[in-house]
Asker: 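Below are the structure tokens for one structure; questions will follow.
Just so you know, residue 1 is the first one in the sequence shown, and it goes up from there.
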Amino acid sequence: MLAEFAVILLVASVCKGLPFYNGFYYEHILNNKTNNGNGEVIHFNGVRLVVNTPDDPLFGYRGGNVTLPCTFHYEPKLNSTRRHRVKWSKLHKDNTKERDVMVAIGLRHRSFGEYKGRVHLIQNKPNEVSLVITDLRLEDYGNYKCEVIDGLEDESGIVELELRGVVFPYQPHGGRYQLNFHDAKKACEDQDAMMASFEQLFKAWEEGLDWCNAGWLMDGTVQYPITLPREPCGGKETAPGVRSYGERHKQLHRYDAFCFSSALKGKVYYLEHPENMNYAEAKAACQDDGAQIAKVGQLFAAWKFIDLDRCDAGWLDDGSVRYPIAFPRPNCGPPEPGVRSFGFPTRHMKFGVYCYKMS
């Protein structure tokens, strides 16, 4: 008996697709086999497990909820129910590595890491194992794998999740080309954003983003989007597009950053105040109003998603002074919509202020 058990363990250890251990106990029930009475395992022949996921990407907003659809069936159709396990994971950019999101057997579920308390399965109909992610975060975008494990059968499908958002170039107080990769990543995070991916920058370029300073992206490359070719930005004769410097040394080389922000859980507003304020006074005025001074990513998100439009320059958290224009008009800057910047004036100068209040 012990010898037979050892053989079973040996076989299980080398069969790809069998249950793994990640802190969640799997029952070793292999539904797609039977015994002929002589101790030999015979697999059902001609039955194929098929996992269905959507071909097109799904879209969500920060703070919202999204359902990643996933169903499975057998070909040919079975008359009886078979036990199965479900594993949802998030794939890395190269689709070769993955991070566990949730595993489930029947009604038993376990979620992992930053997904704890934010994910659950929808099993309203037979063979549905869709994943619901609540309170979406900026870093939730990417490819998710829905894997159904039925004994030795192991099939999966991919669901792509994109966040609706806005890409914006960012320079710190020191001016142009001051950030290595790690500084750029932190600078975006400090402004309620994250470093943009190439896909996000490319989409922003398709929507009209034109910026002649090169900036870091999440994949470690340095690029910049040009919609109107001109001499200082790659030359007049070059085609519009996203220019690339390729990968750069993440510690030594210094550029700007391209950041990505999405919808807000709160409200950005220009604080009505009897007089303009210096930076310290502006920060205190927001606090007195039950808010906090707005970050750059929050101002861009408000401009993008709720058409925040105000022709008054105001302090932001990083010490910059900006104002959002959704509907261009005379005396409010260029003829295109955008967030105008006054740069980083000395902090004793007087301006208005943009505040952010959680809903």
Side-chain angles (χ1 to χ4, degrees), residues 13 15-26 49 51-72 84-106 108-123 128-150 153-165 181-182 184-186 188-189 192-201 216-221 247 250 259-262:
S13 69
C15 286
K16 183 179 179 181
L18 279 176
F20 58 93
Y21 181 75
N22 56 6
F24 186 80
Y25 176 72
Y26 287 104
L49 173 63
V51 173
N52 305 104
T53 51
D55 294 328
D56 297 327
L58 303 177
F59 295 89
Y61 296 89
R62 176 169 55 179
N65 304 335
V66 68
T67 299
L68 307 185
C70 183
T71 60
F72 67 94
H84 63 271
R85 296 176 291 277
V86 178
K87 175 188 173 187
W88 276 94
S89 55
K90 187 181 180 188
L91 301 178
H92 287 216
K93 193 65 181 175
D94 58 5
N95 282 348
T96 60
K97 301 176 182 178
E98 55 189 66
R99 185 166 72 251
D100 290 348
V101 174
M102 168 175 277
V103 291
I105 302 175
R108 299 172 58 203
H109 305 85
R110 181 170 179 179
S111 53
F112 299 91
E114 64 270 26
Y115 294 97
K116 281 186 177 179
R118 294 197 300 126
V119 294
H120 64 271
L121 290 186
I122 292 181
Q123 296 176 296
E128 181 181 14
V129 289
S130 301
L131 182 74
V132 176
I133 307 177
T134 62
D135 190 20
L136 281 171
R137 302 173 181 175
L138 292 177
E139 59 270 21
D140 287 341
Y141 86 95
N143 291 334
Y144 290 79
K145 182 167 77 169
C146 173
E147 186 175 8
V148 180
I149 306 164
D150 175 4
E153 291 284 338
D154 181 349
E155 296 294 337
S156 61
I158 305 297
V159 182
E160 181 182 357
L161 173 62
E162 295 185 11
L163 290 190
R164 300 285 191 188
F181 175 85
H182 307 289
K185 185 173 184 292
K186 184 177 186 303
C188 290
E189 292 168 354
D192 195 38
M194 65 181 291
M195 197 180 294
S197 67
F198 170 76
E199 290 79 11
Q200 289 164 344
L201 181 64
W216 289 102
L217 296 179
M218 184 60 77
D219 60 2
T221 63
E247 293 188 22
K250 292 184 177 181
C259 305
F260 174 82
S261 187
S262 186

Asker: Look up atom SG in C259 and atom CG in L217, then write down how far apart they are to the nearest 0.5 Å.
Answerer: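 With rounding to 0.5 Å, SG (C259) is 10.0 Å from CG (L217).
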Asker: Under the 3.5 angstrom rule, does the side chain of S262 hit a backbone N or O of R164 as a donor-acceptor pair?
Answerer: yes
Asker: Do R85 and V103 touch side chain to side chain, with heavy atoms closer than 4.5 Å?
Answerer: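 Of all side-chain heavy-atom pairs linking V103 with R85, none is under 4.5 Å.
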Asker: Ignoring hydrogens, what is the shortest heavy-atom contact between P69 and T53? Give both atom names and the distance.
Answerer: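 Of all heavy-atom pairs spanning P69 and T53, the closest is O-CG2, 3.7 Å.
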Asker: Can you tell me how far apart CD (Q123) and NE2 (H109) are? Round to the nearest 0.5 Å.
Answerer: 4.5 Å
Asker: Side-chain contact, heavy-atom cut-off 4.5 Å: R62 with S261?
Answerer: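 They are in side-chain contact.
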Asker: What are the two closest non-hydrogen atoms of C146 and V51, and how far apart are they?
Answerer: O-CG1, 4.0 Å
Asker: Using side-chain heavy atoms (C-beta onward) and a distance below 4.5 Å, is H84 in contact with L49?
Answerer: no
Asker: What is the distance from atom CD of E147 to atom CD of E155, rounded to the nearest 0.5 Å?
Answerer: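 Interatomic distance, E147 CD to E155 CD, rounded to 0.5 Å: 9.5 Å.
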Asker: I would like to know whether F181 and M195 meet side-chain contact (heavy atoms from CB on, under 4.5 Å); could you show each step before the answer?
Answerer: CA-CA 10 Å; F181 175 85; M195 197 180 294; 3.6 Å; yes
Asker: On a heavy-atom basis, which atom in W216 and which in A184 lie closest, and how many Å separate them?
Answerer: CD1-CB, 3.7 Å
Asker: Kindly assign one of parallel, tilted or perpendicular to the pair Y115 and Y144, based on the angle between their ring planes and the thresholds 30° and 60°.
Answerer: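 Judged by the thresholds at 30° and 60°, the geometry between Y115 and Y144 is perpendicular.
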Asker: What distance do D100 atom CG and W88 atom CH2 have between them, rounded to the nearest 0.5 Å?
Answerer: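 Nearest 0.5 Å value for the CG-CH2 distance: 13.5 Å.
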Asker: When you compare the side chain of N65 with that of I133, does any pair of heavy atoms fall below 4.5 Å?
Answerer: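 No, every pair of side-chain atoms sits at 4.5 Å or beyond.
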Asker: Exactly one of E199, M194, E160 should register a side chain to side chain contact (heavy atoms under 4.5 Å, CB included) with Y141. Which one does?
Answerer: M194
Asker: Could you pull out the closest heavy-atom pair between L58 and T67, with the gap in Å?
Answerer: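 Nearest heavy atoms, L58 then T67: CD1-O, 3.3 Å.
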Asker: Any non-hydrogen side-chain atom of V159 less than 4.5 Å from a side-chain atom of C70?
Answerer: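 Answer no - side chains too far apart.
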Asker: With rounding to the nearest 0.5 Å, note down the distance linking NZ in K145 to CG in L131.
Answerer: 14.5 Å
Asker: Would you check, one step at a time, whether the test salt bridge (Lys or Arg N to Asp or Glu O under 4.0 Å) holds for R137 with E114?
Answerer: CA-CA 10 Å; R137 302 173 181 175; E114 64 270 26; over 6 Å; no
Asker: Would L161 and L136 satisfy side-chain contact (heavy atoms from CB on, under 4.5 Å), going step by step from the backbone distance to the final call?
Answerer: CA-CA 11 Å; L161 173 62; L136 281 171; 4.0 Å; yes
Asker: What's the separation between atom CD1 in I158 and atom CG in L68, rounded to the nearest 0.5 Å?
Answerer: 11.0 Å
Asker: Which residue is it: R118, R99, K90? I am looking for the one with a salt bridge (Lys or Arg N to Asp or Glu O under 4.0 Å) to D140.
Answerer: R118
